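Please read these numbers as outputs of a predicted model, since none were measured by experiment. Note: hydrogens, waters and symmetry copies are ignored here, and every other heavy atom, side chains too, is used.
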Amino acid sequence: MASLRRAVINVHRILRSSAVANRSSIASASPAASFETLLRPQYRWVSNTTQSLDIDLSNDEKKKRLFNRLLYRSKQRGFLELDLVLGKWVEEHIHSMDENGIKALVDVLNLENPDLWKWLTGQEQPPEAVKTNPVFSALHNKVMNNLNSYASPETRSEPGQPWVRGWDDFKKGRDSPLSGNQ
């Protein structure tokens, strides 16, 4: 639901800025170009374009507001595992970030939860644009170090495989069913 809201807000912002800048450009633009413009803000990691982000770290008030906003976005994603991992990492590192680090953090925060979790845990390979992001790389290293240190190999999936296990797991034992969780 949050991604739909974000997409609608981005569409509204694009249409409003295009209409104000030049009303005739909307009518003359090709449908393919306008469709690509509408999708670019949400899926910027695919096209390797970055949305301009106004980051003002000179004023303490604006800096504190920006840090609080990013900290809230990292802790309240609606995906418990990411809330814990991402929120803790941002809380520890946000005060030492420069402008480029904050832009990289915003790019990571704009990614979708299921994709980000699969990429961080090694279930899927991330796209090259995400893989080269310094914030993503640091988060990925932290998650993988924690998994290697604290999770036994039997509880983890093979690289590239989802972690979904449950009703169709085979139970091993003398009185176990032949298949399923019966």
Between [atom1] on residue [X] and [atom2] on residue [Y], distance to nearest 0.5 Å:
X	Y	atom1	atom2	result
H93	K88	NE2	NZ	10.5 Å
I94	I102	CD1	CD1	6.0 Å
H95	K63	NE2	NZ	8.5 Å
T121	L116	OG1	CG	9.0 Å

Quick check against the 3.5 Å criterion: does [X] have a side-chain atom that pairs as donor or acceptor with the backbone of [Y]?
X	Y	result
H140	F136	no
T132	A129	yes
R77	L109	yes

Does a side-chain heavy-atom distance below 4.5 Å link [X] with [Y]?
X	Y	result
K62	L66	no
N113	E81	no
Q123	W117	yes
L111	W119	yes

Please find the pair of heavy atoms, one from [X] and one from [Y], that lie closest to each other, and give the distance.
X	Y	result
L86	V108	CD1-CG1, 4.5 Å
V135	A104	CG2-CB, 3.7 Å
S137	K131	OG-O, 3.1 Å
W89	A138	CZ2-CB, 3.7 Å

Notebook entry, point to check: Do other residues, nucleotides or ligands put more than 12 heavy atoms under 6.0 Å from the CD atom of E92?
Noted result: yes

Check: If two hydrophobic side chains count as joined below 4.5 Å and joins carry through other members, does M144 share a cluster with L120?
Finding: yes

